[in-house]
Participant: 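This is the structure I have questions about; it appears just below.
Order of listing sets the numbers, starting from 1, for every ligand and every atom in it.
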Amino acid sequence: MRFSLVLTAMVTVSRSAEALYPINELAVTPAMGWNNWNAFGCSVNEDLLLSTAEKVAAFGLRDVGYQYIVLDDCWSAGRDKDGNLLHDSEKFPHGMKYVADRLHSLGFRFGMYSDAGSSTCGQYVGSLGYEKQDAKTFASWDVDYLKYDNCFNEGLSGTAKITSERYRTMGHALNATGRQILYSMCNWGEDYPWKWAQTVANSWRMSGDIYDSFDRPDPRCPCTGDEGYDCSFPGFHCSAMNILNKAAAFVHTSTPGAWNDLDMLEVGNGGMDDEEYKTHFSMWAAVKSPLLMGNDIAALDTKTLSILTNPAVLAVSQDPVGSPAIRRWRYYVNDTDAYGQGEIQMWSGPLFGGDQLVALLNAGNSTRTMNASLADIFYDYGPEGTAPEVNESWDIHDLWANRMDDATAQNVIDDTATNLTAFYYNATETSYKDGLAANNTLLLGKLTGTVAAGGAIETVLPRHGIALLRLRKR
Ligand SMILES: *[C@@H]1O[C@H](CO)[C@@H](O)[C@H](O)[C@H]1NC(C)=O
Ligand SMILES: *[C@@H]1O[C@H](CO)[C@@H](O)[C@H](O)[C@H]1NC(C)=O
Ligand SMILES: *[C@@H]1O[C@H](CO)[C@@H](O)[C@H](O)[C@H]1NC(C)=O
Ligand SMILES: *[C@@H]1O[C@H](CO)[C@@H](O)[C@H](O)[C@H]1NC(C)=O
Ligand SMILES: *[C@@H]1O[C@H](CO)[C@@H](O)[C@H](O)[C@H]1NC(C)=O
Ligand SMILES: *[C@@H]1O[C@H](CO)[C@@H](O)[C@H](O)[C@H]1NC(C)=O
Ligand SMILES: *[C@@H]1O[C@H](CO)[C@@H](O)[C@H](O)[C@H]1NC(C)=O
Ligand SMILES: *[C@@H]1O[C@H](CO)[C@@H](O)[C@H](O)[C@H]1NC(C)=O
């Protein structure tokens, strides 16, 4: 009964701004922040977290919305005689409450990590059987977010009931602390969390771990989107396209407060080119995945900064309607890359104010002209061109056209920038919702054309490139 209520609400939310708060008051829009794992793995300590946070603030990333600083695995040192979690006092000489206090005073929220098993993936002590005690410990440290992994789960998986109960135990324990703690489930899509985790967590990983590759197949990530979600081994080393193609089947199950998590961003880590990172970032925003930066912020370059701060793309991620874009079509193409991958896709979905998002994705290996008809873009509102929206004409706003130039980005990195109002949206000052309601031009991209009633959008796209467009009724 509970499930059917949730599903009904999810259908409703696709065209309304009504938020569901399934477990707490958090993640009304997808979480944004930084997590150390993709760039640093187990090499964590107090200085890394605090110095990164200072740079996130200094580069303006905090105020565009990246609020959570999340510590991943390898921070602990077992339990004391009463079973309380202990931090590693070499890595964290002042303890965790100190880290939380420092982050809060810098205007951030603090994310912690544990595991729904006997050990974490790095073989530190896990929280299985200690959920209440560990939740209390996290709350006493003023933690604001928990990433909860799935290693060494003692075989407690295989059915939705077993897995959901294991994760719900921690969810209830967090709730019982009385502290609002964003609950980020990391069970790699095992036992289909998109069918049940809306009542358990604020987000759930839907695949094996991401790897910094656009589309390279890897035997350790054996499932592809071609098999839909029927995947018994989620694996790891999954490419961006692999994850996106899996998510396509069920990304509509996200709703405000409860999101499919396509894993942390690889933008800036060096394994993809600029077009590929733009595509990765755009699609994670379009489908409303949490956006956790995964790069070394101290080594940030101009291209990375201008991707991560793009206000018009972030406004898609943080859109108050909270409705993920849906893939409308996918075709295989013959200009494959070295990995034998070649395909093109079109995604669309509703945005605030009756606008519509369109993403045209060229995952072929050469530049091509692509187009999207209004009939396909508005397919959900009436099949075969019968939607009333198809009979309207629309302005086309290109969400990458006003991207920050390299010289300005270099000034930001060198701390010599004087006036950033042309490129930065300050979400600390004004929420994306209020900015959109006021038609803040930073959030709307650049008006580049129109599409007439019954027509199609045509665009030329580079290899592995994307067009991310906002349609607004004329
Ligand atoms: C606890 O759960 C209730 C019901 O889902 C929710 O309204 C409340 O915000 C939660 N409280 C915390 C602290 O998470
Ligand atoms: C791709 O190649 C196959 C086999 O050579 C051919 O049948 C097909 O028409 C080609 N498709 C496109 C879109 O060119
Ligand atoms: C794909 O494109 C790249 C860059 O344009 C090129 O170097 C490579 O040879 C192409 N691969 C194939 C299999 O055509
Ligand atoms: C779509 O693109 C193709 C080229 O790939 C072009 O021949 C065709 O005219 C375009 N259709 C529309 C409706 O724009
Ligand atoms: C489209 O708009 C025209 C002009 O307003 C109207 O005559 C026509 O019935 C509309 N068609 C549909 C399918 O809504
Ligand atoms: C900053 O730049 C914006 C737009 O480029 C301009 O409107 C504004 O006046 C500038 N502010 C200052 C203090 O120079
Ligand atoms: C954003 O606005 C807040 C609140 O007014 C202010 O403290 C902060 O310095 C601003 N951030 C930037 C990057 O200008
Ligand atoms: C924002 O733009 C839309 C579409 O042009 C318009 O209907 C609305 O009144 C505008 N809102 C404000 C506050 O200017």
Side-chain angles (χ1 to χ4, degrees), residues 32-34 52-69 102-109 213-217 239-241 270-280 293 297 300 302 304-312 314-315 318 332-344 361-370 401-436 438-447 460-466:
M32 291 175 63
W34 177 81
T52 297
E54 280 167 12
K55 290 213 155 50
V56 171
F59 294 156
L61 292 161
R62 178 194 62 202
D63 292 331
V64 306
Y66 298 97
Q67 286 188 359
Y68 289 94
I69 301 291
R102 292 286 302 125
L103 289 175
H104 291 152
S105 74
L106 289 167
F108 290 100
R109 298 181 186 187
S213 160
F214 185 71
D215 64 353
R216 187 185 199 280
S239 70
M241 284 303 297
M272 301 187 217
D273 67 25
D274 188 53
E275 293 299 336
E276 294 169 336
Y277 279 140
K278 274 171 63 186
T279 299
H280 167 36
M293 302 182 289
I297 302 294
L300 184 101
T302 55
T304 303
L305 183 70
S306 62
I307 290 175
L308 294 172
T309 56
N310 184 329
L314 291 174
Q318 301 297 301
Y332 296 98
V333 293
N334 282 344
D335 55 318
T336 59
D337 63 19
Y339 307 130
Q341 311 288 298
E343 57 181 296
I344 57 175
L361 197 174
N362 174 18
N365 200 44
S366 48
T367 301
R368 58 167 30 82
T369 301
M370 284 179 64
N402 291 336
R403 182 178 176 181
M404 188 193 300
D405 57 279
D406 286 339
T408 302
Q410 192 60 54
N411 286 339
V412 174
I413 291 166
D414 295 343
D415 198 20
T416 55
T418 50
N419 181 6
L420 292 172
T421 49
F423 297 107
Y424 272 84
Y425 182 73
N426 192 332
T428 306
E429 208 162 60
T430 311
S431 69
Y432 282 97
K433 183 181 182 178
D434 289 347
L436 286 166
N439 293 322
N440 185 310
T441 52
L442 280 173
L443 304 183
L444 301 179
K446 183 179 181 182
L447 179 59
V460 177
L461 287 175
R463 163 186 197 267
H464 296 180
I466 196 163

Participant: Picking from M241, M370, E343, what satisfies side-chain contact (heavy atoms from CB on, under 4.5 Å) with L361?
Facilitator: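 Running side-chain contact (heavy atoms from CB on, under 4.5 Å) over M241, M370, E343 with L361 returns exactly one hit, M241.
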
Participant: Using a 4.0 Å cut-off on heavy atoms, what residues surround ligand 7? Order them by chain and number.
Facilitator: D63, N426, E429

Participant: In terms of heavy-atom contacts, does CZ of R403 have more than 12 from other residues, nucleotides or ligands at under 6.0 Å?
Facilitator: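 Above 12, so yes.
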
Participant: Looking only at N/O atoms, are N365 and ligand 3 under 3.5 Å apart anywhere?
Facilitator: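 Yes.
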
Participant: Indicate whether the side chain of H464 and that of E276 have a donor and an acceptor atom separated by less than 3.5 Å.
Facilitator: yes

Participant: Would you please indicate if the ring centroids of F214 and Y339 are separated by under 6.0 Å?
Facilitator: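 That pair fails the under 6.0 Å test.
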
Participant: Are there over 12 heavy-atom neighbours, none belonging to D415, within less than 6.0 Å of that residue's CG?
Facilitator: no

Participant: For the residue pair T416 / N411, report whether a side-chain donor-acceptor contact shorter than 3.5 Å exists.
Facilitator: yes

Participant: For ligand 3, which atoms sit closer than 4.0 Å to a heavy atom of T336?
Facilitator: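 Heavy-atom distances to T336 below 4.0 Å select 12 (C), 13 (C), 14 (O).
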
Participant: Ignoring hydrogens and geometry, is there a side-chain-to-backbone donor-acceptor pair from Y66 to L308 under 3.5 Å?
Facilitator: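 Flag set: sc Y66 to bb L308 pair under 3.5 Å.
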
Participant: Show the atoms of ligand 3 that are less than 4.0 angstrom away from any heavy atom in D337.
Facilitator: 13 (C)

Participant: What heavy-atom pair brings T336 and N365 nearest, and what distance separates the two atoms?
Facilitator: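 So the minimum-distance heavy-atom pair works out to O-CB, 3.5 Å.
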
Participant: Backbone, side chain, both or neither: what part of D335 comes under 4.0 angstrom of ligand 3, heavy atoms only?
Facilitator: neither

